[in-house]
Amino acid sequence: MRVSQFPLSTLRETPSDAEVVSHQLMLRAGLIKQLASGLYTWMPLGLKVLRKVEQIVREEMDASGALELLMPAVQPAELWQESGRWEKYGPELLRLNDRHQRPFCFGPTHEEVITDIARAELRSYKQLPVNYYQIQTKFRDEIRPRFGVMRAREFVMKDAYSFSIDEAGLQKTFDAMHRAYCNVFDRLGLQYRPVDADGGSIGGSQSTEFHVLADSGEDAIAWCPESNYAANTEMAEALAPAGDRAAPNEDMRLVDTPDTKTIAALVEKHGLDITKTVKTLIVDADESVEGGLIALMVRGDHELNAIKAEKLDGVSAPLTMASDERVRAAVGAGFGSLGPVNLPMPIIIDRTVAVMSDFGAGANQDDKHHFGINWERDLPLPTVADIRNVVPGDPSPDGKGTLEIVRGIEVGHIFQLGTLYSEALRCAVLDENGKNSVLHMGCYGIGVSRVVAAAIEQNNDDRGIIWTDALAPFDVALCPINMHKSERLKAEAEAMHDRLQAEGFNVLFDDRNMRPGAMFSDMELIGIPHRVVISDRGLEEGTFEYKSRTGESAEHHPLDALENVLRGD
RNA sequence: CGGGGCAUGGCGCAGUCUGGUAGCGCAUCUGGUUUGGGACCAGAGGGUCGCAGGUUCGAAUCCUGCUGCCCCGACCA
């Protein structure tokens, strides 16, 4: 491909509304162009990359035995009413009417449609298992689209849906998808982690997210280098610290602590070690608790985990912090002076808190704290549970090594749905005994367009994008120096371009009459992995210059070694 | 949806406070000189200053309303 036939639209300056590096580089390299909030055109160069991702995903899905189909993007409301999601999905669902005022939506996902197909198509257990997938544009009316195609409203997704006769069958397909996803991200050359996730609102027993590692990622992942355990921080279990609680060393005493409303102030003004402080959070309780309030306590430097907390007996879900007035009415003191001693409500403490001794906490009187508190001496040990987020250095829940916290971009998610949709839409087949059996479903997503942004987020430098070979829109940038002054060089460049193309290299031949600096800058910005420079001087010596996008400096090779050098021999 | 910011040629910005001929850099086009890390000279094209209303002899600038976009919070591929 000649640049004269494939115009680049690179920008020297960064558009001002792009915040993250992948968005900035995608705009500067001319991969995408924004139409409106969360809506982007994939320009020719960007589309080449998007198609590469699609192709790898397609090949691995096919290899796993999944069947590609293509469902309509626009879906009738009746199906969504049947599953109950027309009401549940909320404003993220783009709803529209046709000319007869019949309601439709633009599909944010396709469980309803595929289940409708499956219930018509599948009659017998002998047809199972089956796994359908498609690569298609989705629309989710996000509250706040941001970071370019990283969180767009319209985006390209690979979504797959499997149907199995029972749980064991579902587990098999789920495992096969897990392997297929690893193959995809391996081939893309990305650093990633499969991560245990919360089944969340969709339900289902098992759920794994695939995260591309990047410091700018929106999700925090707990992972253990020793065992490769990885989980969303919200999911990772915080184990009890090793060892028993130390014996009391101090007497409990009431201390005046004016203007000390936070843990930070307590540490600063009164010299307490933060690991000797306890934070008290009061939340709404469920009906089982008299008074309607319940206290949750974590160590001063730890954070409450809302997902863990709202699953506990006595805590109302969703987790709601109690109002200042209610707390004051019940306790007689406000936020900042709360603690376990004489607290008139049920208490649940974190496992770490349970092994603390000689600690400080609010005294449930304004401007006073208790120091030197000890469980089972000053007050009974309350209910103990895991209610905090893990922090770096925590023991890994699988018992091997310690956790680190890394950041990631969620690019894939596989779920076991079970019979959630198949029951609602009455999707069943006859089993071996001739009985109706509701199918077990799984669903498996890859954010294809997000993968492109995530790859850039993970691989870039101050000159621009660095594509892996699998993703690069072109393999080789062919850059002749002062070609328009030399017929000989021009002929050689043309010949080299044609020859490399014929040998299967995807070459971007810069036939613009540009100065070398500008040419190199463009090729580096758009991230072409291999650069070949030829000049009259080189031709005299029978050499060309090669530099990889990541290489330190250029190397000179004999002209006849070109293919070997590009193949990495 | 709450909080903050921005809107002037394709991109980045100045001009707005204090009303008076729309400007700069990049990019684009023409001609010339150049050519190993974003060249230089000369010339040219391109903007109803987000939209609507108002104040005024006169509005990018002041007033009112609206719209769009971006950033910070809970959700998701």
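Chain A is the first sequence line, chain B the second, and so forth, proteins listed ahead of strands; every chain is numbered from 1.
Tyr444(A) comes within 4.0 angstrom of no nucleic acid atom, judged by non-hydrogen atoms across all strands. Contact annotation for Ala18(A): no contact, since no heavy-atom pair falls under 4.0 Å across all strands. Ser521(A) comes within 4.0 angstrom of a base, heavy atoms only. Contact annotation for Arg531(A): base contact, defined as any heavy-atom pair under 4.0 Å involving a base atom. Asp219(A) comes within contact range of at least one nucleobase, with a heavy-atom separation under 4.0 Å. In this structure, Glu142(A) reaches the bases: a heavy-atom distance under 4.0 Å links it to at least one base atom across the strands shown. Pro145(A) comes within 4.0 angstrom of the backbone, heavy atoms only, and of no base. Note on Val533(A): a base of the nucleic acid sits closer than 4.0 angstrom, heavy atoms only. Ala152(A) comes within contact range of at least one nucleobase, with a heavy-atom separation under 4.0 Å.
Residues His484(A) and Ile446(A) each lie close to RNA chain B; by heavy-atom proximity, the contact nearer the 5' end of the strand is made by His484(A). Between Gly148(A) and Glu524(A), the residue anchored nearer the 5' end of RNA chain B, judged by the nucleotide with its closest heavy atom, is Glu524(A).
Remark: the Tyr133(A) side chain and the Asp62(A) side chain contain an N/O donor-acceptor pair separated by less than 3.5 Å. For the 3.5 Å distance criterion, the side chains of Asp522(A) and Thr10(A) qualify, holding a donor opposite an acceptor.
Rounded to whole Å, the separation between the P atoms of G45(B) and G23(B) comes to 12 Å. Comparing G54(B) with G19(B), their C1' atoms sit 15 Å apart, to the nearest whole Å. With C1' as the reference atom, A59(B) and U21(B) are 14 Å apart, rounded to whole Å. Rounded to whole Å, the separation between the P atoms of U67(B) and C26(B) comes to 39 Å. A distance of about 12 Å separates the C1' atoms of U56(B) and G20(B), rounded to the whole Å.
Taking CD1 from Ile409(A) and CG from Asp219(A), the interatomic distance works out to 9.0 Å, rounded to the nearest 0.5 Å. Gln75(A) contributes atom CD, which lies 8.5 Å from atom CG of Leu93(A) (distance to the nearest 0.5 angstrom). Atoms OG and NZ, on Ser486(A) and Lys490(A) in that order, are 10.5 Å from each other to the nearest 0.5 Å. If you take CZ on Arg515(A) and CD1 on Ile481(A), they are separated by 11.0 Å, rounding to the nearest 0.5 Å.
When the C1' atom of C69(B) is taken as reference, atom CZ of Arg146(A) falls 15 Å away, rounded to whole Å. Straight-line distance from the CD atom of Glu111(A) to the C1' atom of C76(B): 13 Å, rounded to whole Å. Spacing between atom CD of Gln34(A) and atom P of C71(B) amounts to 9 Å, rounded to whole angstrom units. Atom CZ of Arg512(A) is separated from atom P of A39(B) by 12 Å (rounded to the nearest Å). Arg12(A) has its CZ atom 11 Å from the C1' atom of A39(B), to the nearest Å. Spacing between atom CG of Leu35(A) and atom P of C70(B) amounts to 11 Å, rounded to whole angstrom units. The interatomic distance linking Glu218(A) (CD) with A74(B) (C1') rounds to 12 Å, in whole Å. Residue Glu545(A) contributes atom CD, which lies 11 Å from atom P of G37(B) at whole-angstrom precision.
Arg531(A) has a carboxylate O that lies under 4.0 Å from a charged side-chain N of Glu545(A), or vice versa, which qualifies the two as a salt bridge. The existence of a salt bridge linking Asp141(A) and Arg153(A) is confirmed by a sub-4.0 Å separation between a basic side-chain nitrogen and an acidic carboxylate oxygen. Ion pairing between Arg151(A) and Glu410(A) fails under the 4.0 Å rule for side-chain N and carboxylate O. Using a cutoff of 4.0 Å between basic side-chain nitrogens and carboxylate oxygens, Arg146(A) and Glu218(A) are scored as salt-bridged.
In this structure, Phe520(A) does not pack face-to-face on the six-membered ring of G38(B), missing the 5.5 Å centre cutoff or the 30° plane limit.
Between Thr109(A) and A77(B) there is no side-chain N or O to OP1 or OP2 distance below 4.0 Å.
For G38(B), its base sits under 3.5 Å from the side chain of Asp522(A) at one donor and acceptor pair at least.
In this structure G25(B) sits in a base pair with C11(B), meeting the Watson-Crick or G-U test at under 3.5 Å. Look at G58(B): it lacks any Watson-Crick or wobble partner with both distances under 3.5 angstrom. Pairing for C17(B) is absent, judged as Watson-Crick or G-U wobble with the two contacts each under 3.5 Å. Base pairing annotation: G38(B) forms no Watson-Crick or G-U wobble pair, as no partner gives both donor-acceptor distances under 3.5 Å. Across all strands shown, the partner of G53(B) is C63(B), judged by Watson-Crick or G-U wobble contacts whose two distances both fall under 3.5 Å. Pair check for C1(B) finds G73(B); Watson-Crick or G-U wobble, both atom distances under 3.5 Å. Figure legend. G46(B) is base-paired to no nucleotide; pairs are counted as Watson-Crick or G-U wobble with both atom distances under 3.5 Å.
Remark: nothing in residues 41-51 of chain A comes within less than 4.0 Å of RNA chain B through any heavy atom. For the contact set between residues 549-561 of chain A and RNA chain B, defined by any heavy atom under 4.0 Å, there are no members.
In terms of modelled atom types and a separation under 3.5 Å, the side chain of Ser164(A) and the main chain of Pro129(A) share no donor-acceptor contact. Distance alone, capped at 3.5 Å, places no donor-acceptor pair between the Lys158(A) side chain and the Glu54(A) backbone.
Taking the six-membered ring for Trp and thresholds of 30 and 60 degrees, Phe185(A) and Tyr181(A) have ring planes more than 60 degrees apart, a perpendicular arrangement. The aromatic rings of Phe174(A) and Tyr444(A) sit tilted relative to each other, their planes meeting at an angle between 30° and 60°.
Residues satisfying the ring-ring contact (aromatic ring centres under 6.0 Å, His included) criterion with Phe163(A), sequence neighbours excluded, are absent altogether.
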Solution key, residues 28-40 of chain A side-chain donor-acceptor pairs under 3.5 Å, sequence neighbours excluded:
| unit_1 | atom_1 | unit_2 | atom_2 | d |
| --- | --- | --- | --- | --- |
| Arg28(A) | NE | Leu11(A) | O | 3.0 |
| Gln34(A) | NE2 | Ala36(A) | O | 3.1 |

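The side chain of Lys547(A) sits closest to G37(B) out of A77(B), G37(B), G36(B).
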Could you list, one pair per line, each protein nitrogen or oxygen that sits under 3.5 Å from a nitrogen or oxygen of nucleotides 40-46 of chain B, together with the distance?
none

Measure all distances between protein nitrogen or oxygen atoms and nitrogen or oxygen atoms of nucleotides 1-11 of chain B, and list the pairs falling under 3.5 Å.
none

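A cation-pi arrangement is absent between Arg51(A) and Trp42(A), since the terminal nitrogen or guanidinium carbon is not both under 6.0 Å from the aromatic centre and inside a 45° cone about the axis.
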